[in-house]
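Reading through the structure tokens given below for one structure.
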Amino acid sequence: MTDLSAFPITKKWPARNPDIIQLYSLPTPNGVKVSIALEELGLPYEPHRIEFGTNDQKTPEFVSLNPNGRIPAIIDPHGPDGKPIGLFESGAILWYLAEKTGKLVPADPAKKYETLCWVMFQMGGIGPMLGQFGHFYKFAAEKVANNSYPMERYRDEAKRLLGVMEAQLKDREWIVGDTYTVADIALFPWVRGADVFYGGREVIGYADFPAVMAWLERCMARPASKKGIDIPARAPEA
């Protein structure tokens, strides 16, 4: 049995099975990237729900694993050289899991680094811009009721970035050609989330990006996506 006592987070969220990957997350666009990848890879893991409502992500135990206080984070009891390793930042976790298994990333070196480019595109563009759009469109609408600039700025940047994806997907099944990779897993939860979570489909104009919409349907049709999109389990509605 692997000893994870060196990780303070396990005091607050004890591992029932310390020999499998421990996932600390919530079903947000960033969080489900990792659960979907774990499902695709068939890696055993144990999810722990991190509650935003009680600021679990700001507790000393969580910050001991991710100093930035954001989900998701993982502990892999069988990391490099067989030793436990803690990781944070969803893009880094995706890349780690891909390299650990040799899956969800092309074997060809050029395609591999093309995949990494698109993961970074999500981390630096799609995620932050759609997230800021959602903040001003849904959560801070009253605060900016007399100033449409913030929402319009991020809406327009979201459209531009979706246009980049539209051009990439016009003649491709997946982001990097005919192979489903961590680039697709990084991107699609955010495209989906801007619609189902933020309600931005009409405002952003999703109908203007048919290749992206067809790709999103293909991503969501995968069994691992259908399962991972709700892990950790969502809290019951009051």
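Along the sequence shown, the residues carry numbers beginning at 1. Reckoned from all heavy atoms, side chains included, excluding hydrogens, waters and symmetry mates.
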Asn68, CG atom: more than 12 neighbouring heavy atoms under 6.0 Å: yes
Value rounded to 0.5 Å, distance of SG in Cys219 from CD in Glu173: 9.5 Å
Nonpolar side-chain network containing Tyr149, other nodes, edges under 4.5 Å: none
Distance (rounded to the nearest 0.5 Å) between Asp208 CG and Met213 CE: 10.0 Å
Approximate separation, where rounding is to 0.5 Å, of Arg49 CZ and Ser25 OG: 9.5 Å
Minimal non-hydrogen separation, Phe209 against Gly163, with atom names: CE2-N, 3.5 Å
Set of residues satisfying side chain to side chain donor-acceptor pair (under 3.5 Å) with respect to Tyr198, sequence neighbours excluded: none
Pairing residues for Met220 by the side-chain contact (heavy atoms from CB on, under 4.5 Å) criterion, not counting sequence neighbours: Phe188, Arg192, Leu216, Ser225, Ile229
Greater than 12 external heavy atoms within 6.0 Å of Lys159's NZ: yes
Asp156: partners by salt bridge (Lys or Arg N to Asp or Glu O under 4.0 Å), with sequence neighbours left out: none
Evaluation steps, side chain to side chain contact (heavy atoms under 4.5 Å, CB included), between Lys12 and Thr59: CA-CA 9 Å; Lys12 188 173 179 67; Thr59 60; 4.0 Å; yes
Verdict with reasoning, Val182 to Lys33, per side chain to side chain contact (heavy atoms under 4.5 Å, CB included): CA-CA 9 Å; Val182 288; Lys33 295 180 206 172; over 6 Å; no
Arg153, CZ: over 12 other non-hydrogen atoms inside 6.0 angstrom: no
Value rounded to 0.5 Å, distance of CG in Asp3 from CG in Asp19: 10.5 Å
Set of residues satisfying salt bridge (Lys or Arg N to Asp or Glu O under 4.0 Å) with respect to Arg222, sequence neighbours excluded: Glu40
Residues which pass ring pair (Phe, Tyr, Trp, His ring centres under 6.0 Å) with Tyr180, listed by chain and number, not counting sequence neighbours: Trp174
Residues that, via side-chain heavy atoms closer than 4.5 angstrom, fall in one hydrophobic cluster with Ile71: Leu4, Phe7, Ile9, Trp13, Tyr24, Leu26, Ile50, Phe52, Phe62, Leu65, Ile75
Thr101 side, atom OG1; Leu38 side, atom CG - distance, nearest 0.5 Å: 9.5 Å
Salt bridge (Lys or Arg N to Asp or Glu O under 4.0 Å) partners of Asp56, counting only residues at least two apart: none
Point-to-point distance, once rounded to the nearest 0.5 Å, from CG of Leu162 to CD1 of Ile204: 6.5 Å
Closest heavy-atom pair and its distance - Met123, Ser90: SD-OG, 3.8 Å
Considering all heavy atoms, the nearest Leu97-Ile21 contact: CD2-CD1, 4.1 Å
Salt bridge (Lys or Arg N to Asp or Glu O under 4.0 Å) against Lys111, all qualifying residues, sequence neighbours excluded: Glu114
Connected-component partners of Val63 among ILVMFWY, side-chain separation under 4.5 Å: none
Minimum heavy-atom distance Val203-Tyr137, with the two atoms named: CG2-OH, 3.2 Å
More than 12 heavy atoms from other groups under 6.0 Å of NZ on Lys227: no
Side chain to side chain contact (heavy atoms under 4.5 Å, CB included) evaluation trace for Gln122 with Asn30: CA-CA 10 Å; Gln122 183 277 306; Asn30 277 335; 4.2 Å; yes
Flag for Trp118-Asp184: side-chain donor and acceptor within less than 3.5 Å: no
Inter- and intrachain pairs under ring pair (Phe, Tyr, Trp, His ring centres under 6.0 Å), touching residues 71-104, at least two apart: none
Other residues, nucleotides, ligands: >12 heavy atoms within 6.0 Å of Lys143 NZ: no
Chi angles and distances behind the side chain to side chain contact (heavy atoms under 4.5 Å, CB included) call for Ile126, Met165: CA-CA 10 Å; Ile126 285 287; Met165 292 182 63; 3.8 Å; yes
Lys11 atom NZ: more than 12 heavy-atom contacts under 6.0 Å: yes
With sequence neighbours excluded, residues passing ring pair (Phe, Tyr, Trp, His ring centres under 6.0 Å) with Phe197: Phe139
